[in-house]
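The structure under discussion appears below in the form of structure tokens.
Along the sequence shown, residues carry numbers from 1.
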Amino acid sequence: MDRLGIVSVLATACILGVVKSQTTLSPAVTISTVSADVSTAAPSTTGPSCSILNTSTCAACAPGSYYNNETLLCSCCPDVGLCVSPEACLLCLPGFYQPLAGRQGCLPCSSGFYSNSTGSPVCQACPTGSYSNNTGSVSCRPCTPGFYSSSRNSTLCSPCPQGTYCNSSSCTKCPICPAGSEALQTASKECTLCRPGMHKPSYQSMCQICSSGFYQIRWGQENCDLCPENHYCPSPDVNPIQCPADAFCPEGSSAPGYCMETFFRKAGETCELAPVTIALLVIGGGVGLLFIIVLVLRRRRDNDSELSLARTPLLRKDRPPGRFYGIPCDAEPVYAGW
């Protein structure tokens, strides 16, 4: 009987132990179930369990990065754009940027701008001498020879104007061709020499024809030469020509100068009267003097005739004396007053 009582006590103790052990293990089963749910939502096994994660530590992705909803550390956070660790935010690729925090994507750089690094919050402007005509550029293209860009963030390069050139890449401006040379076309990579008969100072853009009385027979000259004395220069691209013996050619002559034929002739550096001209002047002077003398004599004769007529008396005094009605014939007439 005593043996039966001991067995009953042992059986009761075993039953109570089994029940107690089942009650203690139930929370472990619950945790195991939650972990399985998390693994189903995010297959990654390296991230922390969302059941034990403190979501108050989530922060917005910094500028230059963006939120990825496929990342475990971000999907555990309650709001879009938040992640537990900054490493969980994806950086913007080169050519893209993001100036704001907590965004889900990056923006491409505009034309004229570029970004050559990851995680850029802003894009850089293309420097002078380069351009970018596409969006999302990672670098800017240099201007090719013959073209230039004088401003930042250019979307294209401009051709060099006529008279200027650029013989290298990344030109910020096109200089004027050196003295004695010019660029006849736009977008020129090099300059050409001025032709004979032309010249160009350094401050001018195009070659100019030599002025009258000047010449230049060489290529690529800055100035023209003055035609020397006793020579004349009919064309600016030929050598000076010797002046004829009967002509004048002072310095800077474009053509020889002659004295008037027949009436003048060259005498040293001046013109003098020819013998024929002197004879004609003498004859002409004599005829003119004779004509003046004739006019004076005729005028004097006319004056004498007028004076003699003025002195003639009203009645002739050589009439014989006599009386008419008691009045002598030579007496002055007496008027009655009417």
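- When the side-chain hydrogen bond (donor to acceptor under 3.5 Å, both in side chains) test is applied to Ser235, the partners found at least two apart in sequence or on another chain are Asp237.
- Using a 4.5 Å cut-off on side-chain heavy atoms (C-beta onward), Pro94 and Phe96 make no contact.
- Taking the side chain as every heavy atom from C-beta outward, Asp246 and Tyr258 approach each other to under 4.5 Å.
- By the side-chain hydrogen bond (donor to acceptor under 3.5 Å, both in side chains) test, Ser65 pairs with no residue at all, sequence neighbours left out.
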| request: Run the numbers on Cys123 and Cys109 for disulfide bond (SG atoms under 2.5 Å apart), then give the verdict. | output: CA-CA 6 Å; Cys123 294; Cys109 293; 1.9 Å; yes

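- Cysteines Cys157 and Cys143: SG-SG separation is under 2.5 Å.
- Between Ser137 and the choices Ser110, Ser111, Ser132, the side-chain hydrogen bond (donor to acceptor under 3.5 Å, both in side chains) rule is met once, by Ser132.
- A donor-acceptor pair under 3.5 Å links the side-chain atoms of Gln221 to the main chain of Trp219, judged by distance alone.
- In terms of heavy atoms, Ser253 sits closest to Pro250 at OG-O, 2.5 Å.
- Atom CG of Leu90 sits about 8.0 Å away from atom SG of Cys83, to the nearest 0.5 Å.
- Pairs of residues two or more places apart, or lying in two chains, that qualify as side chain to side chain donor-acceptor pair (under 3.5 Å) and include a residue from residues 114-125 are Ser115-Ser120.
- With 2.5 angstrom as the limit on SG-SG distance, Cys92 and Cys106 come in below it.
- In this structure, Val84 and Thr57 have side chains that are in contact, with non-hydrogen atoms separated by less than 4.5 Å.
- A search for side-chain hydrogen bond (donor to acceptor under 3.5 Å, both in side chains) contacts involving Ser202 returns nothing, not counting sequence neighbours.
- Under the side chain to side chain donor-acceptor pair (under 3.5 Å) criterion, no residue pair touches residues 91-103, with sequence neighbours excluded.
- Rounding to the nearest 0.5 Å places OG1 of Thr135 at 13.0 Å from CZ of Phe113.
- By the 6.0 Å contact criterion, CD1 on Ile209 is open, its count of non-hydrogen atoms from other residues, nucleotides or ligands being 12 or less.
- With contacts defined as side-chain heavy-atom distances shorter than 4.5 Å, the pair Glu251/Leu226 qualifies.
- For Ser130, the side chain to side chain contact (heavy atoms under 4.5 Å, CB included) test picks out Cys126, Pro127, Cys140, with sequence neighbours left out.
- Using a 4.5 Å heavy-atom cutoff, the side chains of Asp79 and Cys58 are not in contact.
- Every side chain to side chain contact (heavy atoms under 4.5 Å, CB included) that Asp225 has, sequence neighbours left out, goes to Tyr215, Gln216, Arg218.
- Contacts classified as side chain to side chain donor-acceptor pair (under 3.5 Å) and involving residues 143-169 (residues at least two apart or in different chains) are given here: Ser149-Ser154, Ser151-Ser154.
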| request: I would like to know whether Gln104 and Tyr67 meet side chain to side chain contact (heavy atoms under 4.5 Å, CB included); could you show each step before the answer? | output: CA-CA 5 Å; Gln104 198 168 355; Tyr67 161 80; 4.0 Å; yes

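- SG distance check for Cys171 and Cys166: under 2.5 Å.
- Of all non-hydrogen atoms in Pro244 and Tyr232, the two that sit nearest each other are CD-CE2, 4.2 Å.
- Put simply, SG on Cys194 and CD on Gln204 are 9.0 Å apart, with the number rounded to the nearest 0.5 Å.
- Note: Asn223 CG to Cys210 SG = 9.0 Å, rounded to the nearest 0.5 Å.
- Per the SG-SG cut-off, Cys74 and Cys89 are not bridged by a disulfide [distance not under 2.5 Å].
- Heavy-atom minimum distance, Gln242 versus Asn230: NE2-O, 3.4 Å.
- Under the side chain to side chain contact (heavy atoms under 4.5 Å, CB included) criterion, Leu297 pairs with Ile293, not counting sequence neighbours.
- Remark: Pro86 pairs with no residue by the side chain to side chain contact (heavy atoms under 4.5 Å, CB included) rule, at least two apart or across chains.
- With sequence neighbours left out, the side-chain hydrogen bond (donor to acceptor under 3.5 Å, both in side chains) criterion links Ser139 to no other residue.
- For residues 172-200, the set of pairs meeting the side chain to side chain donor-acceptor pair (under 3.5 Å) definition, not counting sequence neighbours, is empty.
- With Cys233, the cysteine Cys227 has an SG gap short of 2.5 Å.
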